[in-house]
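Atoms considered below: every heavy atom in the structure, side chains included; atoms not considered: hydrogens, waters and symmetry mates. Chain letters run A, B, ... following the sequence lines, proteins first, then strands; residues in each count from 1. None of these values were measured; they are calculated from a predicted model.
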2 protein chains.
Amino acid sequence: MSLNQVDRQILALLQKDASLSTAEIADKVGLSQSPCWRRIARLEQEGYITNKVAILDAKLLGFDMLVYAHVRLSSHGRDQLAQFEKLIMSYDEVTECYSMAGTMDFMLRIISKGIEGYELFVRDKLLCLEYVQEVHSNVTMTCVKRSTALPL
Amino acid sequence: MSLNQVDRQILALLQKDASLSTAEIADKVGLSQSPCWRRIARLEQEGYITNKVAILDAKLLGFDMLVYAHVRLSSHGRDQLAQFEKLIMSYDEVTECYSMAGTMDFMLRIISKGIEGYELFVRDKLLCLEYVQEVHSNVTMTCVKRSTALPL
DNA sequence: AGTGAAACACACACCGT
DNA sequence: ACGGTGTGTGTTTCACT
């Protein structure tokens with residue numbers, strides 16, 4: 001159920017580099033392979049580790065535009081809330097979406113190729129929805145830091 | 001140098017699930033193991049795949065607070081810009097940081113345990129810096145979507 | 001819970017096409 | 001460039017402490 005220090009160490013290692021072998025992790029946390037493997041399997045099974053992914057180089061692949069957009073829905077749009085969220089999930093350009101505290105707003109992280117790509121997205125996939133009242137775009141310039149790791 | 005359709009397919013698969021074996025990927029893209037393995041190795045070597053990470057369940061680990069903070073630096077703070085960025089990179093609570101177009105602002109993605117954890121962070125690690133002029137917190141409520149995948 | 005060994009699958013290299 | 005085959009290395013299980 002709960003986690004001890006070794007479990008946290010394992011998680012900390014894996015969230016930085018999932019290509020580490022069980023033997024390497026076992027070595028770093030001071031365990032032998034078998035018990036280390038069992039712990040990792042347990043951490044996966046209990047849901048602490050949700051999945052493993054490859055991180056790609058966005059710039060190298062031509063995605064030079066990263067925008068955080070605030071989307072305000074009209075008040076009667078609450079009815080279509082579920083539909084809006086479902087739609088958002090189907091948009092690959094939207095890599096993240098959160099509803100914000102205190103407002104009827106959503107914040108979207110949108111990745112695209114150039115301003116043209118971003119404008120196309122906003123026009124064809126956001127503004128075309130009747131219940132979208134306002135879209136405010138926060139364009140990022142340089143990425144100082146980007147990590148998927150939690151502060152364990 | 002450039003990528004064909006098969007390469008993109010491989011990248012698309014790996015950015016969703018990096019635990020796929022070469023054989024499984026080869027099967028899905030219609031190649032046999034050897035050429036598929038060579039392509040993946042090339043994609044890593046050329047930097048398209050930067051690394052592989054395990055994604056952990058933030059809520060399960062007690063990180064129930066996710067805030068996007070806009071930080072405004074005072075104009076003479078430009079001198080300490082490099083120092084600020086270095087400091088930000090050392091803070092584990094800051095998982096992302098971007099400088100924003102058009103302003104002297106930075107946007108920080110901060111993950112913490114409860115409002116208490118967040119307040120502690122802002123007080124002890126942001127407001128204590130003389131050149132930090134203003135911190136505006138956008139608190140997220142529910143996560144509609146979160147993905148690390150690019151829209152290939 | 002940790003250790004050791006054994007079965008198995010996979011990653012990686014070397015061939016031929 | 002793709003495909004087949006082999007060998008070492010990592011993963012996964014099992015029997016034991």
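- Between Ile88(A) and Phe106(A) there is no side-chain heavy-atom pair separated by less than 4.5 Å.
- In this structure, Arg38(B) does not reach the dA11(C) phosphate: none of its side-chain N or O atoms is under 4.0 Å from OP1 or OP2.
- Here the options are Leu152(B), Thr148(B), Ile10(B), the test is side-chain contact (heavy atoms from CB on, under 4.5 Å), and the partner is Gln15(B); only Leu152(B) passes.
- Sequence neighbours left out, the pairs with a member in residues 96-110 of chain A that pass side chain to side chain donor-acceptor pair (under 3.5 Å) are Tyr68(A)-Arg109(A), Arg72(A)-Asp105(A), Thr95(A)-Arg109(A), Glu96(A)-Tyr98(A), Glu96(A)-Tyr68(B), Glu96(A)-Arg146(B), Tyr98(A)-Arg109(B), Ser99(A)-Thr142(B), Arg109(A)-Tyr98(B).
- A salt bridge is defined here as a Lys NZ or Arg NE, NH1 or NH2 lying under 4.0 Å from an Asp or Glu carboxylate O, and Asp64(B) with Lys113(B) fails to meet this definition.
- Between Gly47(B) and Thr50(B) the shortest heavy-atom distance is O-CG2, 3.8 Å.
- Of the residues in residues 18-37 of chain B, those lying under 4.0 Å from DNA chain D by heavy-atom distance are Leu31(B), Ser32(B), Ser34(B), Pro35(B).
- In terms of modelled atom types and a separation under 3.5 Å, the side chain of Lys28(B) and the main chain of Gln9(B) share no donor-acceptor contact.
- With respect to the salt-bridge test (charged N to carboxylate O, under 4.0 angstrom), the residues Arg39(B) and Glu44(B) do not qualify.
- dA1(C) atom C1' lies 11 Å from atom CG of Asn4(A), rounded to whole Å.
- Computed from coordinates, the Ile10(A) CD1 to dA1(C) C1' distance equals 13 Å when rounded to whole Å.
- Salt-bridge check for Lys125(A) with Glu93(A): passed, with a basic side-chain N closer than 4.0 Å to an acidic carboxylate O.
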Legend entry - Watson-Crick and G-U pairing of DNA chain C, under 3.5 Å, as dot-bracket with | and [ ]: ||||||..|||||||||

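- With rounding to whole Å, Leu3(B) atom CG is found 13 Å from dA1(D) atom P.
- Arg39(A) has its CZ atom 17 Å from the P atom of dT11(D), to the nearest Å.
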